[in-house]
Engineer: 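Pasting in a structure now, in structure tokens, and then I'll have a few things to ask.
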Amino acid sequence: QVQLVESGGGLVQAGGSLRLSCTASGRTFSSYAMGWFRQAPGKEREFVAVISGSGMNTYYADSVKGRFTISRDNAKNTMYLQMNSLKPEDTAVYYCAAGTLATTYYSHYSYWGQGTQVTVSS
């Protein structure tokens with residue numbers, strides 16, 4: 001059983017920054033790969049970034065590469081998404097996810113947070 005809670009969403013101007021956090025329950029946080037996905041109205045859920053259990057390996061969608069940074073602090077059971085140079089196209093509900101397999105496919109993740117809204121104004 002893993003419970004995930006996102007925080008840090010909000011309204012920001014284009015070019016600004018936000019840092020999202022995802023805090024997980026349990027004592028085996030480092031065993032899980034963690035990912036960020038986002039979903040805009042009328043669109044399918046989109047992969048954003050993933051990080052391995054150790055934090056040693058990361059992978060990003062092309063649309064956010066160079067602007068977003070995924071990280072984790074296993075001692076705090078927390079994963080982060082630092083978002084810089086935000087664009088209006090980044091507007092979406094952002095979800096964190098956990099699973100035993102690090103992939104870009106949302107169906108492979110077993111646990112999901114409730115989501116946090118990120119709105120980027122032009």
Side-chain angles (χ1 to χ4, degrees):
Q1 180 73 16
V2 177
Q3 294 181 333
L4 306 174
V5 179
E6 301 104 330
S7 63
L11 175 65
V12 65
Q13 289 184 298
S17 299
L18 283 173
R19 189 179 74 161
L20 305 183
S21 299
C22 174
T23 299
S25 66
R27 300 178 65 182
T28 57
F29 179 72
S30 63
S31 298
Y32 292 93
M34 301 287 292
W36 288 99
F37 293 79
R38 65 188 183 186
Q39 188 166 20
K43 297 183 179 179
E44 294 185 348
R45 197 173 343 182
E46 177 188 21
F47 167 77
V48 177
V50 64
I51 187 167
S52 62
S54 67
M56 295 281 289
N57 300 296
T58 60
Y59 183 75
Y60 299 89
D62 288 342
S63 60
V64 306
K65 195 174 300 180
R67 299 187 298 119
F68 291 10
T69 302
I70 189 171
S71 62
R72 65 193 297 162
D73 185 341
N74 288 343
K76 297 181 178 179
N77 285 0
T78 301
M79 175 183 64
Y80 305 95
L81 185 68
Q82 179 66 46
M83 304 184 293
N84 298 327
S85 301
L86 282 162
K87 305 174 181 179
E89 66 192 70
D90 296 318
T91 296
V93 177
Y94 283 70
Y95 299 90
C96 70
T100 56
L101 182 65
T103 75
T104 64
Y105 297 100
Y106 68 85
S107 62
H108 290 168
Y109 289 84
S110 299
Y111 306 99
W112 293 86
Q114 80 286 355
T116 186
Q117 177 71 48
V118 172
T119 302
V120 184
S121 62
S122 61

Engineer: Do the side chains of K87 and D90 get close enough for a salt bridge, i.e. N-O under 4.0 angstrom?
Structural biologist: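 Here K87 does not pair with D90 in a salt bridge, since their nearest N and O are not under 4.0 Å apart.
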Engineer: Going through the distances and angles, do V50 and M34 end up as a side chain to side chain contact (heavy atoms under 4.5 Å, CB included)?
Structural biologist: CA-CA 6 Å; V50 64; M34 301 287 292; over 6 Å; no
Engineer: What is the distance from atom CG of L4 to atom OG of S110, rounded to the nearest 0.5 Å?
Structural biologist: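 Reported value, rounded in 0.5 Å steps: 10.5 Å.
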Engineer: What salt bridge (Lys or Arg N to Asp or Glu O under 4.0 Å) pairs are there with at least one residue in residues 100-122, not counting sequence neighbours?
Structural biologist: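 Matches after skipping sequence neighbours: none remain.
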Engineer: Are V64 and F37 joined in one hydrophobic group, where the rule is that I, L, V, M, F, W and Y side chains link up if heavy atoms are under 4.5 Å apart?
Structural biologist: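 Hydrophobic grouping puts V64 apart from F37.
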Engineer: What's the spacing between R19 CZ and S17 OG if we round to 0.5 Å?
Structural biologist: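 Here the rounded value is 12.0 Å.
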Engineer: With side-chain hydrogen bond (donor to acceptor under 3.5 Å, both in side chains) as the test, would you mind laying out the steps for Y94 and R38 before giving the verdict?
Structural biologist: CA-CA 4 Å; Y94 283 70; R38 65 188 183 186; 2.9 Å; yes
Engineer: If you measure from CE on M79 to SG on C96, what distance do you get to the nearest 0.5 Å?
Structural biologist: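 Those atoms lie 5.0 Å apart.
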Engineer: Carefully, step by step, assess C22 and Y80 under the rule side chain to side chain contact (heavy atoms under 4.5 Å, CB included).
Structural biologist: CA-CA 6 Å; C22 174; Y80 305 95; over 6 Å; no
Engineer: Using a 6.0 Å distance limit plus a 45 degree cone around the ring axis, check whether R45 lies over the aromatic ring of W112.
Structural biologist: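 Here R45 passes the 6.0 Å and 45° test against W112.
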Engineer: Do V120 and L18 belong to the same hydrophobic cluster, where Ile, Leu, Val, Met, Phe, Trp and Tyr are linked whenever their side-chain heavy atoms lie under 4.5 Å apart, directly or via other members?
Structural biologist: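 Yes, because V120 and L18 connect within a single hydrophobic cluster, where side-chain heavy atoms sit under 4.5 Å apart.
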Engineer: Does the Lys NZ or Arg CZ of R72 fall within the cation-pi geometry relative to Y32 - under 6.0 Å from the ring centre and within 45° of the axis?
Structural biologist: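 No - R72 does not lie over the ring of Y32 by the 6.0 Å and 45° rule.
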Engineer: Could you tell me whether K65 atom NZ has more than 12 heavy atoms of other residues or ligands within 6.0 Å of it?
Structural biologist: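 Counting neighbours around NZ of K65, more than 12 heavy atoms of other residues, nucleotides or ligands fall under 6.0 Å, so yes.
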Engineer: Ignoring hydrogens and angles, tell me if any N or O in the side chain of T91 forms a donor-acceptor pair with the backbone of T119 under 3.5 Å.
Structural biologist: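 Not a single qualifying donor-acceptor pair exists.
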Engineer: Any idea which heavy atoms bring A33 and A102 closest together, and the distance?
Structural biologist: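 It is CB-CB, 3.5 Å.
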Engineer: Could you state the interatomic distance from OH (Y59) to OG1 (T103), rounded to the nearest 0.5 Å?
Structural biologist: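 Rounded to the nearest 0.5 Å, the OH-OG1 separation comes to 11.5 Å.
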Engineer: Under a 3.5 Å distance rule, please check whether N84 uses its side chain to pair with a backbone N or O of T69 as donor and acceptor.
Structural biologist: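 Such a contact is absent between N84 side chain and T69 backbone.
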Engineer: Roughly how far, to the nearest 0.5 Å, is the OG atom of S7 from the CG atom of L20?
Structural biologist: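 Separation between the atoms: 8.0 Å.
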Engineer: Answer yes or no: is there a side-chain heavy-atom contact under 4.5 Å between N74 and K76?
Structural biologist: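 SC-SC contact between N74 and K76 ruled out.
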Engineer: Begin with the C-alpha distance, continue with both residues' side-chain angles, and end with the deciding distance and a verdict on side chain to side chain contact (heavy atoms under 4.5 Å, CB included) for Y60 and I51.
Structural biologist: CA-CA 9 Å; Y60 299 89; I51 187 167; over 6 Å; no
Engineer: Answer with yes or no whether the hydrophobic clustering places V93 together with I70; edges join I, L, V, M, F, W, Y residues whose side-chain heavy atoms lie under 4.5 Å apart.
Structural biologist: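 No; I70 is not reachable from V93 via cluster members.
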Engineer: Taking the six-membered ring for Trp, are Y106 and Y95 ring centroids under 6.0 Å apart?
Structural biologist: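 Not close enough - the centres of the two rings lie 6.0 Å or further apart.
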Engineer: Linking I/L/V/M/F/W/Y whenever their side-chain heavy atoms sit closer than 4.5 Å, directly or via other members, would F29 and V2 fall into one cluster?
Structural biologist: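 As far as the 4.5 Å side-chain criterion goes, V2 and F29 are connected within one cluster.
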Engineer: Is there a side chain to side chain contact (heavy atoms under 4.5 Å, CB included) between W36 and E46? Walk through the geometry before answering.
Structural biologist: CA-CA 9 Å; W36 288 99; E46 177 188 21; over 6 Å; no
Engineer: Just wondering, do F68 and L86 contact through their side chains at under 4.5 Å, heavy atoms?
Structural biologist: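 SC-SC contact between L86 and F68 confirmed.
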Engineer: Please indicate whether Q3 has more than 12 foreign heavy atoms, meaning atoms of other residues, nucleotides or ligands, lying under 6.0 Å from its CD.
Structural biologist: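 Atom CD in Q3 is not packed in, count stays at 12 or less.
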Engineer: Verify whether one side chain among D73 and T78 offers a donor that lies under 3.5 Å from an acceptor in the other.
Structural biologist: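 Not at all, the side chains of D73 and T78 share no donor-acceptor pair under 3.5 Å.
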